[in-house]
2 protein chains.
Amino acid sequence: MPVTIKDIARQLGISYATVSRALNNKYGVDPQTRQQVLETAQSLHYRRNDLARGLVKQRTATIGLIVPDITNPFYPEVARGVEEAAHEAGYSVFLCNTAWEQERELLYVRLLAEKRVEGLIIAPTAQTAETIETLLTGQIPVIYVSDTQNNLHSSFIAIDNVRGGYLATEHLIQKGYYPIAYLGALEDSLTNEERCTGYIQALKQYNFSEEPLLYIGSYHSQTAYQIMCERIAESNVPRAVFAVNDLFALGAMQAVREHGLRIPQDVAIVGFDDIPLASFPEIQLTTVAQPKREMGQLAFAMLQQRMTSPTSPPQRTLLEPHLVIRKSS
Amino acid sequence: MPVTIKDIARQLGISYATVSRALNNKYGVDPQTRQQVLETAQSLHYRRNDLARGLVKQRTATIGLIVPDITNPFYPEVARGVEEAAHEAGYSVFLCNTAWEQERELLYVRLLAEKRVEGLIIAPTAQTAETIETLLTGQIPVIYVSDTQNNLHSSFIAIDNVRGGYLATEHLIQKGYYPIAYLGALEDSLTNEERCTGYIQALKQYNFSEEPLLYIGSYHSQTAYQIMCERIAESNVPRAVFAVNDLFALGAMQAVREHGLRIPQDVAIVGFDDIPLASFPEIQLTTVAQPKREMGQLAFAMLQQRMTSPTSPPQRTLLEPHLVIRKSS
DNA sequence: GTGAAAGCGCTAACAT
DNA sequence: ATGTTAGCGCTTTCAC
């Protein structure tokens, strides 16, 4: 049985209210008493019980952060941003990983709500926003990060994926590559759709005769690799590939290189995210950069705003994407 | 103000004890009553308060996982293993990232203890074990992962770093490379030291005339890169490099390649961890593999054992490292 | 099958 | 400056 403030009070022969006051640096405690309390707390290895504290204070100073894939370097970067900002504001953050499973996502939302986190930042697996909203029913403010949301009452911060897709594709078109394929995922769907929309827009804009070439697979690390391998086996290789994210681009790159094709001479590749690896010498992946860390920080700032004034109107922040051209295209 | 079981009870004109029973699927509740309770709970958007529940039950079904660097692909993999195992056992896990800051690590230990997690899995930043132990004073079971511990009363699961360092260096020696440098970090110290010890052992074993060549820097993503750049600038490039981990190896690789040197013809490189990238075609990094996912799963299994029988003797698991030879050496 | 009541560890009035 | 007390939301005896 852990030590409580009552144990301290008993040992000192004082009331436990005084102990509480001393421990929390409140006014009206004799400096000497406080000193004694602090000392016995130390010697008894007292640890305050945040469950009890949260229960009475109706505050936990904790937020939840739910990400779909901790294995994709993009999300850890965002997470660090959130963490930095939260830490500075006196909040601690509980990070949960859903591994692209929608069921887990809802589980964690429920769990975090039950643990009474004061806010939630979610990089959703798909268009689960509706479900999440009904699950929370406005009880806890939510900020969606790296994912736009259709329903107008929810706040999000994301990059302009359509524009990003457009920029990437435009670049490939201007380089004269033809045909250009889009390599995407089923999950991650809204993000995926938007980037794909940008791709199609660019195609239409510049060359309406070119049909979209969509390679869509499930979101596993090997998907992009496999899809490209199949195309190569069929001798049906596109001149250029725009991948929904850098991990997919890397998978494609791997497949292309393993089959002795050169980048960009045989196949040009563009990704999305600008993960640390993209700038690596032998990778040199052209990609649409996202301000990951900043997105995390901003997400927390938005959340804090909603935590302090829940009635404020939802914020919908769309960041400008920025194409980073490297040797892969 | 959130909905409580009292609200449900009031609306139904029953006592809230019954509501609690119904909600928890306890015996002795009229099926019809239960049904009604469930329905009103739903319609009122009731969410149970885990703070209150944990307070009375003295259980939270939650564990904490503290990692030093979520940005290093090694840790997310371990984290997934922990999560999988924990989830299966009905525990949820709160992941905390210390960013290699010892102060933060202690902060999180304290925080998680106050939140009454039932167990802690820590991949420590350094030899903080002593401090952590005194902080917890046996109140919460701890498993150290990916880090051996000197004090015999603590449990850990780690790879045999000395052996790993030995294997890597032995490989480079047998390839005939000379001189061989060790590229390590200040932080991560015990792990670092052990791998370095293995390196020195191999050197002594095979060629006692060769002096250890130690390149030690702080643990930032750019450190390895910078150190190697300096050596290259000085025209003082070792024939081979054994790096404390794959991220360092990658940094070295980047420096080497940017300066027009070839791998392994000019400089051979070996890493440690076998992160997903290591097998990438144009990387092909020889490395000491660690069973990351399994380590996470085992860590949880060990923790569970200690949570159920806290008096059981500490377990000290040392896994066998496995050298994966690729083109970089 | 259900209600009344105690109590988990703590904070915050309200007294003194 | 300190003690007393109520109560946060819940589970769990113990009655009935």
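In this text the structure is predicted, and so the values were computed from the model without any measurement.
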Close N/O contacts between protein and nucleotides 8-10 of chain D (under 3.5 Å):
residue: dC8(D); atom: O2; partner: Val56(A); partner atom: N; Å: 3.4
residue: dG9(D); atom: OP1; partner: Gln58(A); partner atom: NE2; Å: 3.3
residue: dG9(D); atom: N2; partner: Ala52(B); partner atom: O; Å: 3.3
residue: dC10(D); atom: OP1; partner: Tyr46(B); partner atom: OH; Å: 2.3
residue: dC10(D); atom: OP1; partner: Asn49(B); partner atom: N; Å: 3.3
residue: dC10(D); atom: OP2; partner: Ile5(B); partner atom: N; Å: 2.7
residue: dC10(D); atom: N4; partner: Tyr16(B); partner atom: OH; Å: 3.3

**Study point:** Check: Phe94(A) ring centroid to Phe94(B) ring centroid under 6.0 Å
**Key:**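 Between Phe94(A) and Phe94(B), the centre distance is under 6.0 Å.
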Exercise for review: Could you list the residues that satisfy salt bridge (charged side-chain N to carboxylate O under 4.0 Å, His left out) with Asp50(B), not counting sequence neighbours?
Suggested key: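 Asp50(B) satisfies salt bridge (charged side-chain N to carboxylate O under 4.0 Å, His left out) with Lys115(A), Arg48(B) once adjacent residues are dropped.
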Point to revise | Pairing residues for Arg34(A) by the salt bridge (charged side-chain N to carboxylate O under 4.0 Å, His left out) criterion, not counting sequence neighbours | key: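 For Arg34(A) there are no salt bridge (charged side-chain N to carboxylate O under 4.0 Å, His left out) partners, ignoring immediate neighbours.
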Using a cut-off of strictly less than 4.0 Å, decide whether [X] has a side-chain nitrogen or oxygen near OP1 or OP2 of [N].
X        : N       : value
Lys26(B) : dT12(D) : yes
Thr33(A) : dT2(D)  : yes
Ser15(A) : dT4(D)  : no

What nitrogen or oxygen pairs link the protein and nucleotides 13-16 of chain C at under 3.5 Å?
none

Check your understanding: Which angle, to the nearest 10 degrees, lies between the helix axes at the two ends of the helix from dG1(C)-dC16(D) to dT16(C)-dA1(D), each defined by five pairs?
Key ->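 Both end axes considered, the difference amounts to 40°.
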Exercise for review: Start with the C-alpha gap between Arg53(A) and Glu114(B), add the side-chain angles, then the distance that decides, and say whether salt bridge (Lys or Arg N to Asp or Glu O under 4.0 Å) holds.
Suggested key: CA-CA 10 Å; Arg53(A) 186 173 219 244; Glu114(B) 288 175 358; over 6 Å; no
Check your understanding: If you look only at pairs with a residue in residues 293-319 of chain A, which of them pass as a ring pair (Phe, Tyr, Trp, His ring centres under 6.0 Å), with sequence neighbours excluded?
Key ->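 Non-adjacent pairs meeting ring pair (Phe, Tyr, Trp, His ring centres under 6.0 Å): Tyr91(A)-Phe300(A).
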Review point. Does the side chain of Thr40(B) come under 3.5 Å of the side chain of Ser43(B) through a donor N or O and an acceptor N or O?
Key: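 Distance-only check fails for Thr40(B) and Ser43(B).
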